[in-house]
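Take a look at the structure set out below.
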Amino acid sequence: GLWQLHVQNHSDQQLSQNQHQSDQQLSQDQQRATILQTYINNMQDLLLNHNLATSAPGAEVRQVARVQTLATLGSLDAGRNRIVLQFLQGAHLIGTQDSVIDLSNADLSKDDLSGADLSGVDLSGATLSGAILSGANLYGANLIDADLIDADLSNANLSDAVLTGAFLGSAIMNHATLTDANLSGALMTGAHLNDAHLSRADLNGAELANTDLSGTDVSDAGLVTASLTQSQLDTVHS
């Protein structure tokens, strides 16, 4: 009887703990849904009533939109962040030559941006350390001098992206596509590039010490002045 009572108490505690976790998750999900809806409403107001789309560079309305965007991206999960970035791309507020919302030098560290559309976006000098960008579309993105240390870029599309001088130490870039990307002068010490595609990429001056390049395609890539060991060269497809 004592054993049965012990088992029943343990079961009750487990059920209570599971219920508490479920309640917390539901509360967090509802909070994120509210944040997303509030952001969309605010941005629509800035577009319709404060001429955000046609505002001049440096205008106060642009600064407001930037601050709200960065705060929102840091508060949401991957799925809702994709909605935010899809909205911004659709409204031509990012990814254009004169982006209305400037994401250069932005702090996006540890943000979950997996699967997000960041094609053509200016992220030069941005802090993306520890960010989750797996499966993200960064085609043609400007990542000059960006901090991508420990970022997850696995399966990401970085074709034609400019990563000159970017910090990619310990970044996970397995199966990433970097065809025609400019990685000249990038610091990639300890990065993981298993089975990545670096064909025609410019890696001149890149630091690749202790970088895992096993199975990586570097056909026609610029490696003349890249820092590589012979063992690394033996593991890549050229």
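Heavy atoms only: backbone and side chains are in, while hydrogens, waters and symmetry mates are out. These figures come from a predicted structure and were not determined experimentally.
The two residues Ala106 and Leu70 come nearest to each other via the heavy atoms CB-CD2, 3.7 Å. Between Ala176 and Leu153, the shortest heavy-atom distance links the atoms CB-O, 3.6 Å. In this structure, Ser170 and Asp150 approach most closely via the heavy-atom pair CB-OD1, 3.2 Å. When all heavy atoms are compared, the tightest approach of Asn81 to Leu73 is ND2-O, 3.1 Å. Closest approach of Ala126 to Leu103, counting heavy atoms only: CB-O, 4.0 Å. Scanning all heavy atoms of the two residues, the minimum distance from Ala53 to Val100 falls at O-CG2, 3.9 Å.
Neither Phe167 nor Leu143 shares a network with the other; the hydrophobic side chains, linked directly or stepwise wherever heavy atoms of I, L, V, M, F, W or Y lie under 4.5 Å apart, form separate groups for each. Transitive grouping of hydrophobic side chains (ILVMFWY, heavy atoms separated by less than 4.5 Å) brings Leu123 and Ile94 into a common cluster. Transitive grouping of hydrophobic side chains (ILVMFWY, heavy atoms separated by less than 4.5 Å) keeps Val67 and Leu52 in distinct clusters. Residues Leu85 and Leu46 are members of one and the same hydrophobic cluster, defined by side-chain heavy-atom contacts under 4.5 angstrom among Ile, Leu, Val, Met, Phe, Trp and Tyr.
Two residues are said to be in side-chain contact when any heavy atoms from C-beta on lie closer than 4.5 Å; Leu183 and Leu168 meet this criterion. Using a 4.5 Å cut-off on side-chain heavy atoms (C-beta onward), Met173 and Asn194 make no contact. Considering only heavy atoms from C-beta on, Leu158 stays 4.5 Å or farther from Tyr139 through its side chain. Side-chain atoms of Leu36 and Val84, non-hydrogen and from C-beta on, do get closer than 4.5 Å to each other. Taking the side chain as every heavy atom from C-beta outward, His192 and Thr211 never approach each other to under 4.5 Å. Here the side chains of Ile101 and Met43 are in contact, with some heavy-atom distance below 4.5 Å. Taking the side chain as every heavy atom from C-beta outward, Asn182 and Ile144 never approach each other to under 4.5 Å. Looking at Asn174 and Asn155, their side chains never come closer than 4.5 Å, going by heavy atoms from C-beta outward.
In this structure a side-chain-to-backbone donor-acceptor pair under 3.5 Å is missing from Thr177 to His197. Side-chain N or O atoms of Arg82 include none that pairs as donor or acceptor with a backbone N or O of Leu113 at under 3.5 Å. At distances below 3.5 Å, not a single donor-acceptor pair connects side-chain atoms of Thr127 with backbone N or O atoms of Asp147. Under a 3.5 Å cut-off, the side chain of Gln89 and the backbone N or O of Ser119 do form a donor-acceptor pair. Side-chain atoms of Asp202 come within 3.5 Å of backbone atoms of Asn204 as a donor-acceptor pair (strictly under, hydrogens ignored). The backbone N or O of Ser214 lies less than 3.5 Å from a partner atom in the side chain of Asp212, making a donor-acceptor pair.
Atom CD of Gln37 is separated from atom CD1 of Ile83 by 10.0 Å, given to the nearest 0.5 angstrom. The distance from the OG atom of Ser134 to the CG atom of Asp152 is 4.5 Å, given to the nearest 0.5 Å. Between the OG atom of Ser159 and the CG atom of Leu178 there is a distance of 7.0 Å, given to the nearest 0.5 Å. Separation of atoms CG (Asn105) and CG (Asp145) is listed at 9.0 Å; rounding is to 0.5 Å. Distance check: Ile172 CD1 to Leu193 CG gives 11.0 Å after rounding to the nearest 0.5 Å. Between the CG atom of Asp122 and the CG atom of Asn142 there is a distance of 4.5 Å, given to the nearest 0.5 Å.
Each of Asp217, Asp160, Thr179, Asp180 was scored for a side-chain hydrogen bond (donor to acceptor under 3.5 Å, both in side chains) with Arg200, with one residue passing: Asp180.
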(message) One pair to check against side-chain contact (heavy atoms from CB on, under 4.5 Å): Leu128 and Lys110. What are the steps and the verdict?
(response) CA-CA 7 Å; Leu128 289 150; Lys110 298 183 179 180; over 6 Å; no

(request) Quick one: do Leu47 and Leu93 satisfy side-chain contact (heavy atoms from CB on, under 4.5 Å)? Show the steps, please. (result) CA-CA 10 Å; Leu47 285 165; Leu93 298 177; 4.0 Å; yes

(request) Kindly determine whether Leu108 and Asp111 satisfy side-chain contact (heavy atoms from CB on, under 4.5 Å), including the steps that lead there. (result) CA-CA 6 Å; Leu108 297 164; Asp111 285 4; 3.4 Å; yes

(request) Test Leu138 against Val121 for side-chain contact (heavy atoms from CB on, under 4.5 Å), laying out the working first. (result) CA-CA 8 Å; Leu138 288 149; Val121 175; over 6 Å; no

(request) Tell me, with the steps shown, if Asp29 and Gln25 meet side-chain hydrogen bond (donor to acceptor under 3.5 Å, both in side chains). (result) CA-CA 6 Å; Asp29 191 62; Gln25 186 173 358; over 6 Å; no

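The number of heavy-atom neighbours closer than 6.0 Å to CD of Gln86, taken from other residues, nucleotides and ligands shown, is 12 or below.
Sorted by first and then second residue, the pairs that involve residues 62-78 and meet side chain to side chain donor-acceptor pair (under 3.5 Å), not counting sequence neighbours, are Tyr39-Thr69, Ser55-Arg62, Asp77-Arg80.
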